[in-house]
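Taking it in order: structure first as structure tokens, then the write-up.
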Amino acid sequence: MNKGKFKFSVIIPIFILITGLCLHFTQGLIRPEWFSFPVNLIIGLELFCGIPLVYFFFKNKKAVQFLSSGAAAISAISLFAFLTTIMAVLPQEKPSYSFIEFSGLNNIVFTWYFTLSALYILICLGFVILRRFNAFSLRNIVFFINHFGLWLVIVTGFLGQADKIKLNIPVAEGSLVWYGFDPDNKYFEPGFAIKLTDFKIEYYNPKIGVFNSDGELTGKTREALSEIKQKDKIKAGNYDVEILEILQYASVSGDSVYAVTENRGAVTAVRLKLSDDKNSFEKWIYTGNKMVKPGIIATGTENFIALIPPEPKYFGSDIEFYTRSGISAEPHNISVNKPLKYYSWTIYQSSYYSDPESGNIISVFSAVYDPWLPFTYAGMFMLISGAVFMMFTKIRTVKKD
Amino acid sequence: MIWSRLDIIFVVFIVSWLSGSISLIFDKKSAFLKKYSSIIPALANVSLILFISVLWTQLERPPIKTMAETRLWYAMFVSLITWIIYLRTKVKTLYFLGFIMSSVFITVDLIHPEYQSKNLMPALQSPWFIPHVVIYMIAYAVLAAACLTAVTGLVNTKRTGIADSKNIDLSMKLVYPGFGLLSTGMVLGAVWAKIAWGNYWTWDPKETWALLTWLFYLICIHLHFSFPKKHKLLLILLAFSFIVLIITWLGIRYLPGGMSGMHVYGQ
């Protein structure tokens, strides 16, 4: 690397860091709403048109030549990697040291120095793409797809954040809800309502664990935490344990356990047959809830068998959308990994919880409005196509000194 | 459950690779030993592939969710890819180091059986899950081979005082497809996250470290492209990039804030 290039590749990142810190100390963190439509569109177009204009008018200037060089690329990526390293090492949450908060190191994504570092990458990417436009070859096409894809992802990913709306919409069974809350817990009306007609949940079979008197799983045995099926046999202490019956929803009253159809207030119960050298007996174990203490079986002075609450296998909701003018479509089913498109919104099954007061299940939806997504996806698609080409690229080999 | 037979696979794996490695040391003396060392890793790989297939059938889902399961794939891919590369390049170091790495992964699974049984939570039940993880696993294995080649190159460069261009070339030949796979895995993960949670990128610790790994290999590629004579710097950077990759894969939970985010499950 010649000395001039080396000097630039060190000075520019330092300049960006100092400028970014000065802006941070005077202006504070960047707020995404500053870039709300149409500001983001104007900035996007300015970058899209401005970079080529600067390049074509000043391509013979040293600064532009440097910014389209490999040295600049390494310098820009290194600066971005340096800031990403801080982000990776320092938890991005409320810090215990005020200095970290003061310098924005706990919120790097919204700092000026991070944004300027991304801008440095965008300018280098833009210039190098334009420089490689000089000849039409397969190599240059792959280069363009890769680099422009990345450019598009960074620009639309950053600017698109400002227009993105994500709402949390908790809905109780039978209720109709017109509003949601954004990540800052601000009230927002998306212009439609969700009615939850039914919430369905399925569980995996429960797991049995053998615990010691401190309530810890014993040893690293294969039996510990194994998912059980009817007729399964496991070893617990001196006992051979056979699984006789599994009740996904059960009710416990005194010593009797019986199956119920409603999951509200139910526990999961398993009937076991325990045998040792001398005797054999049957007993229920069950998970607990607010009303029922967990049912366990002591298998010795030190150990006991207990049931671990089953994990959900599936949960989903039957919903109807309402607009101000009335019901707008037939009922829909929505579950995890199967979101639903409703005009410009996408609705996700996010989670569920049991209302502490009524015991009713509340289904939580996320409604996302993300108008810049198609452009980000286009960038990702280009990046991935370039990556596939790259796997088959013949690389330049090292010449011996 | 086939997990209880992992010890047999372990023995088959160790015996076949170890005998292959020993044969490789003396391969100049005997044509048979040369042939044996080239072919015997197939037995190790077939046994591991069979184990994974049976496990897949028994679990009734792809075994790519817990650390124990991903280690199996990693062992299989590292073993398979380093063996194939050895057959093409005849770099013996790669043969030994690939074998050691794979054995370590199987050994960890053997002594930590408590990570073997865990259900698939709803968010992981997605057609994007398999390509996302498997492509990452292949990328990690290819980049592990690139790292081993770079370390061999560094040792040779230090010993002879001349840049080991053969190993730089080989390492970079692995980095390009490895980086392509890394990018593909990352984009597939982003698309899946968008479908499952509504965000394609949330800066959770795993994502941040995955991006960092990607950036380090991006620097390696640009350094190799723009400054092909910076041999030593490139070799050191290649080795260091793999350390970042290992932290991304295994080390995040030991870092402050590492147990938060959407990638924490299956433990």
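A note on names: the letters A, B, ... follow the listed sequences, proteins ahead of strands, and every chain is numbered from 1.
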> For residues B:Trp128 and A:Asn337, is any side-chain donor paired with an opposing acceptor at under 3.5 Å?
Replying inline: no
> Where does A:Asp370 contact chain B at under 4.5 Å (heavy atoms): side chain, backbone, both or neither?
Replying inline: side chain
>> Rounded at 0.5 Å granularity, tell me how far CH2 in B:Trp197 sits from OG in A:Ser351.
In response: 12.5 Å
> When you look at CZ of A:Phe82, are more than 12 heavy atoms from neighbouring residues, nucleotides or ligands closer to it than 6.0 Å?
Replying inline: no
> Atom CD1 of A:Ile86 and atom OG1 of B:Thr208: how far apart are they, to the nearest 0.5 Å?
Replying inline: 12.5 Å
> Heavy atoms under 4.5 Å from chain A: which residues of residues 236-244 of chain B carry them?
Replying inline: none
>> Could you check whether atom NZ of B:Lys90 has more than 12 heavy atoms from other residues, nucleotides or ligands sitting under 6.0 Å from it?
In response: yes
>> Check this for me: A:Tyr369, atom OH, are more than 12 non-hydrogen atoms of other residues, nucleotides or ligands nearer than 6.0 Å?
In response: no
>> Can you tell me which portion of A:Ser350 sits under 4.5 Å from chain B's heavy atoms? Options are side chain, backbone, both or neither.
In response: neither
>> Please classify the contact of B:Trp214 with chain A as side chain, backbone, both or neither, using a heavy-atom distance under 4.5 Å.
In response: side chain
> Of the non-hydrogen atoms in B:Pro122 and A:Pro312, which two are nearest, and what is the gap between them?
Replying inline: CD-O, 3.4 Å
>> For a quick test of reading the model, state the closest non-hydrogen atom pair linking B:Trp209 to A:Val89 and the distance between them.
In response: CZ2-CG2, 4.2 Å
>> So which residue, A:Gln349, A:Lys164, A:Gln92, ends up with the most heavy-atom pairs under 4.5 Å with chain B?
In response: A:Lys164
> About how many Å separate OG of B:Ser226 and CD1 of A:Ile74, when rounded to the nearest 0.5 Å?
Replying inline: 5.0 Å
> According to the interplanar angle, ranging from 0 to 90°, do the rings of A:His147 and B:His222 count as parallel (below 30°), tilted (30 to 60°) or perpendicular (above 60°)?
Replying inline: perpendicular
> What's the spacing between B:Ser126 OG and A:Lys338 NZ if we round to 0.5 Å?
Replying inline: 9.0 Å
> Checking heavy atoms, do the side chain of A:Tyr377, its backbone, both or neither come under 4.5 Å from chain B?
Replying inline: side chain
> Under a 4.5 Å heavy-atom cut-off, does chain B meet the side chain of A:Ile347, its backbone, both or neither?
Replying inline: neither
> What part of B:Val142 gets closer than 4.5 Å to chain A, counting heavy atoms only: side chain, backbone, both or neither?
Replying inline: neither
>> Can you confirm whether B:Ile219 sits close enough to A:Ser78 that some side-chain heavy atom of one is under 4.5 Å from a side-chain heavy atom of the other?
In response: yes
>> Below 4.5 Å, heavy-atom pairs only: which of A:Ala73, A:Ser69, A:Ser335, A:Ala88 has the largest tally toward chain B?
In response: A:Ala88
>> At a 4.5 Å cut-off on heavy atoms, which part of B:Ile221 comes close to chain A: side chain, backbone, both, or neither?
In response: side chain
>> Please classify the contact of A:Thr376 with chain B as side chain, backbone, both or neither, using a heavy-atom distance under 4.5 Å.
In response: side chain
>> Quick check on A:Thr346 against chain B: is it the side chain, the backbone, both or neither that has a heavy atom closer than 4.5 Å?
In response: neither
> Of the listed residues (A:Val336, A:Leu90, A:Ile77), which shares the most heavy-atom pairs with chain B below a 4.5 Å separation?
Replying inline: A:Ile77
> When you measure from the side chain of A:Tyr348 to the backbone N and O of B:Lys194, does any donor-acceptor pair fall under 3.5 Å?
Replying inline: yes
>> side chain to side chain contact (heavy atoms under 4.5 Å, CB included), that's the test. Do A:Phe381 and B:Val187 meet it? Break it down for me.
In response: CA-CA 8 Å; A:Phe381 178 73; B:Val187 171; over 6 Å; no
> Say you draw a straight line from CH2 of B:Trp201 to CD of A:Gln161; how long is it, rounded to the nearest 0.5 Å?
Replying inline: 12.5 Å
> Rounded to the nearest 0.5 Å, what separation is found between the CD atom of B:Glu207 and the CE atom of A:Met87?
Replying inline: 11.5 Å
> Can you name the closest pair of heavy atoms from A:Ala81 and B:Leu215 and give their distance?
Replying inline: CA-CD1, 3.7 Å
> Is the distance between the ring centroids of A:Phe114 and B:Trp203 under 6.0 Å?
Replying inline: yes
> Can you say whether A:Leu150 sits under 4.5 Å from chain B via the side chain, the backbone, both, or neither, judging by heavy atoms?
Replying inline: side chain
